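Some notes on the structure that comes next.
All chains are named by letter (A, B, ...) in the order of the sequence lines, taking the proteins before the strands, and each is independently numbered beginning at 1. In what follows, every heavy atom counts, from backbone to side chain, and hydrogens, waters and symmetry copies are set aside. What you see is a predicted model, and the numbers here were worked out from it, not measured in a lab.
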2 protein chains.
Amino acid sequence: MSIGEAARASGVSEKMIRHYEAIGLLRPARQENGYRSYAAQDLAVLRFIRHARDLAFPLEDIRRLLALWRDRDRASAEVRRLALSHVAALEAKAQALQAMATSLKHLAAHCHGDDRPDCPILDELEGKHP
Amino acid sequence: MSIGEAARASGVSEKMIRHYEAIGLLRPARQENGYRSYAAQDLAVLRFIRHARDLAFPLEDIRRLLALWRDRDRASAEVRRLALSHVAALEAKAQALQAMATSLKHLAAHCHGDDRPDCPILDELEGKHP
DNA sequence: TGTGGGGCTTCCCATTATGGGAGGGTCAAG
DNA sequence: CTTGACCCTCCCATAATGGGAAGCCCCACA
């Protein structure tokens, strides 16, 4: 299976497939002409990566997850620990973003939003009312 | 005021102050010896930038906000529009992250997290139950 | 048999915001 | 005159992704 087919079958772009190979997540065989050749197992890895990326796991985490996945004797505790630590990171970031959104929404609520120039948003950014 | 003092006074690192200058957010005067010299207005700009960055405004937005800030005749509506569009982006990202966290938490809840190797988290990433 | 085109290869560059570090100049205090 | 604290510029790195160029491979079609 060529890289183009693998891309369509896995939902991972060709660019990214090559990149994942470059950083060692994947080692597809090569044909005589130098073209990459993807077997079923390679495709499974690509799908695994895509699902993990859909959950925003960083590639370094994915590298560890792949190692655990390949190791049939791993303790599920280790996977769980990795996942929960990622959950904590996701929630921390989500809450930080939501907090900023809420702050800014409050500021915008006090802004006339008309032709007049006075604007509490700019005032706040300026630090007028610290 | 030197860049070091400006950094301490504004809470923006020297590296970033130079960077903001490089991308044209700031034009500090220079002393005879080539050192940057920050006036009160420059400091105000740095503080403005920092506050905007604390709300995760991208630098391109900050460029526009600074222009609006400098323009005493701007319509507050424009500021408000920019702010609300940023709020939307923040909330979208926050919700996306939170959704991922929730999904992953559910998966982790079904994982024993002990010495046994079977793990619903890896099963899901693998796409065992699509 | 030649050519067109689609797919593949590698390599370089850009993105966003931030920082590390090298190599070297400036200046005041000791 | 040296030392040390600043400052300067320039290069590199991060994380993940994509754009694009230059060139090879191969098949189909005229």
Side-chain angles (χ1 to χ4, degrees), chain A residues 1-39 42 45-46 48-66 85-86 89-90 92-93 96-97 100, chain B residues 1-39 42-43 45-46 48-66 86 89-90 92-93 96-97 100:
Chain A
M1 179 177 250
S2 74
I3 193 173
E5 293 168 309
R8 284 186 290 275
S10 67
V12 179
S13 73
E14 297 186 20
K15 280 282 192 192
M16 281 302 101
I17 295 179
R18 293 196 192 92
H19 180 61
Y20 297 155
E21 176 182 349
I23 65 173
L25 300 187
L26 198 62
R27 295 213 165 278
R30 295 280 180 147
Q31 288 173 291
E32 302 238 324
N33 60 13
Y35 286 16
R36 291 170 178 83
S37 176
Y38 296 85
D42 297 317
V45 168
L46 288 174
F48 185 101
I49 294 175
R50 185 171 68 80
H51 291 144
R53 287 296 301 146
D54 286 346
L55 291 172
F57 275 103
L59 292 178
E60 280 315 304
D61 282 16
I62 294 178
R63 185 193 303 281
R64 289 182 207 112
L65 287 171
L66 279 172
S85 128
H86 183 50
L90 286 173
K93 191 168 283 185
L97 292 178
M100 295 179 212
Chain B
M1 180 177 250
S2 74
I3 194 174
E5 293 169 310
R8 284 185 290 276
S10 66
V12 179
S13 73
E14 298 186 20
K15 279 280 190 193
M16 281 304 100
I17 294 179
R18 293 195 192 95
H19 180 61
Y20 296 154
E21 176 182 349
I23 65 174
L25 300 186
L26 200 61
R27 296 215 165 274
R30 295 278 181 148
Q31 289 173 287
E32 302 238 324
N33 59 14
Y35 286 17
R36 290 169 178 83
S37 177
Y38 296 85
D42 297 317
L43 208 50
V45 168
L46 288 175
F48 185 101
I49 295 174
R50 186 171 68 78
H51 291 145
R53 286 297 299 145
D54 285 348
L55 291 172
F57 275 104
L59 292 179
E60 281 315 302
D61 282 15
I62 295 178
R63 185 192 305 281
R64 290 182 208 114
L65 287 170
L66 280 171
H86 182 51
L90 287 173
K93 191 169 282 186
L97 292 178
M100 296 179 209

Calculate the interatomic distance between A/Glu32 atom CD and D/dC25 atom P; express it in whole Å. 13 Å
What is the distance from atom CD1 of A/Ile17 to atom CZ of A/Arg50, rounded to the nearest 0.5 Å? 11.0 Å
How long is the span from the CG atom in B/Leu66 to the CZ atom in B/Phe48, to the nearest 0.5 Å? 5.0 Å
When rounded to the nearest 0.5 Å, the distance separating CG of B/Leu26 from OH of B/Tyr20 is 10.5 Å
Taken to the nearest 0.5 Å, the spacing of B/Asp42 CG from B/Leu25 CG works out to 12.0 Å
Rounding to a whole Å, what distance do you find between A/Leu25:CG and D/dT17:P? 11 Å
Respond yes when some side-chain nitrogen or oxygen of B/Arg36 is under 4.0 Å from OP1 or OP2 of D/dC8, and no when none is. yes
Quick check: does any side chain N or O of A/His86 sit under 3.5 Å from a backbone N or O of A/Ala56, one acting as donor and the other as acceptor? yes
Any salt bridge between A/Arg8 and A/Glu5, counting N to O under 4.0 Å? no
Tell me: NZ of A/Lys15 to C1' of D/dA16, nearest whole Å? 13 Å
Looking at B/Glu21 and B/Arg18, is there a salt bridge between them, counting it only when a charged N and a carboxylate O are closer than 4.0 Å? no
D/dG18, OP1 or OP2 - any side-chain N/O from A/Ser13 closer than 4.0 Å? yes
For atom CD1 of A/Ile3 and atom P of D/dG18, their distance in whole Å: 13 Å
Can you tell me if A/Arg27 has over 12 outside heavy atoms packed within less than 6.0 Å of its CZ? no
From C-beta outward on B/Tyr35, which listed nucleotide comes closest to its side chain: D/dT17, D/dT9, D/dC6? D/dC6
Going 5' to 3' along DNA chain C, which nucleotides are the first and last within contact of chain A (any atom under 4.0 Å from a heavy atom)? C/dG7 to C/dC11
If we fit an axis to the first five pairs and another to the last five of the helix from C/dT1-D/dA30 to C/dG30-D/dC1, what angle do they make, to the nearest 10°? 40°
Between CZ on residue B/Arg53 and CG on residue B/Asp61, distance to nearest 0.5 Å: 10.0 Å
Within the 4.5 Å heavy-atom criterion, are B/Leu90 and B/Leu55 side-chain neighbours or not? no
What parts of residues 51-64 of chain B reach DNA chain C, counting only heavy atoms under 4.0 Å away? B/Arg53, B/Pro58, B/Leu59
Length of the line joining A/Gln31:CD and D/dC27:P, which is rounded to integer Å: 11 Å
To the nearest 0.5 Å, tell me how far A/His19 NE2 sits from A/Ser13 OG. 10.0 Å
Do the side-chain N or O atoms of A/Tyr20 get closer than 4.0 angstrom to the phosphate oxygens (OP1, OP2) of D/dA16? no
Between CD1 of A/Ile17 and P of D/dG18 the distance, given in whole Å, is 11 Å
Nearest-Å distance, CZ (B/Arg30) to C1' (D/dC7)? 10 Å
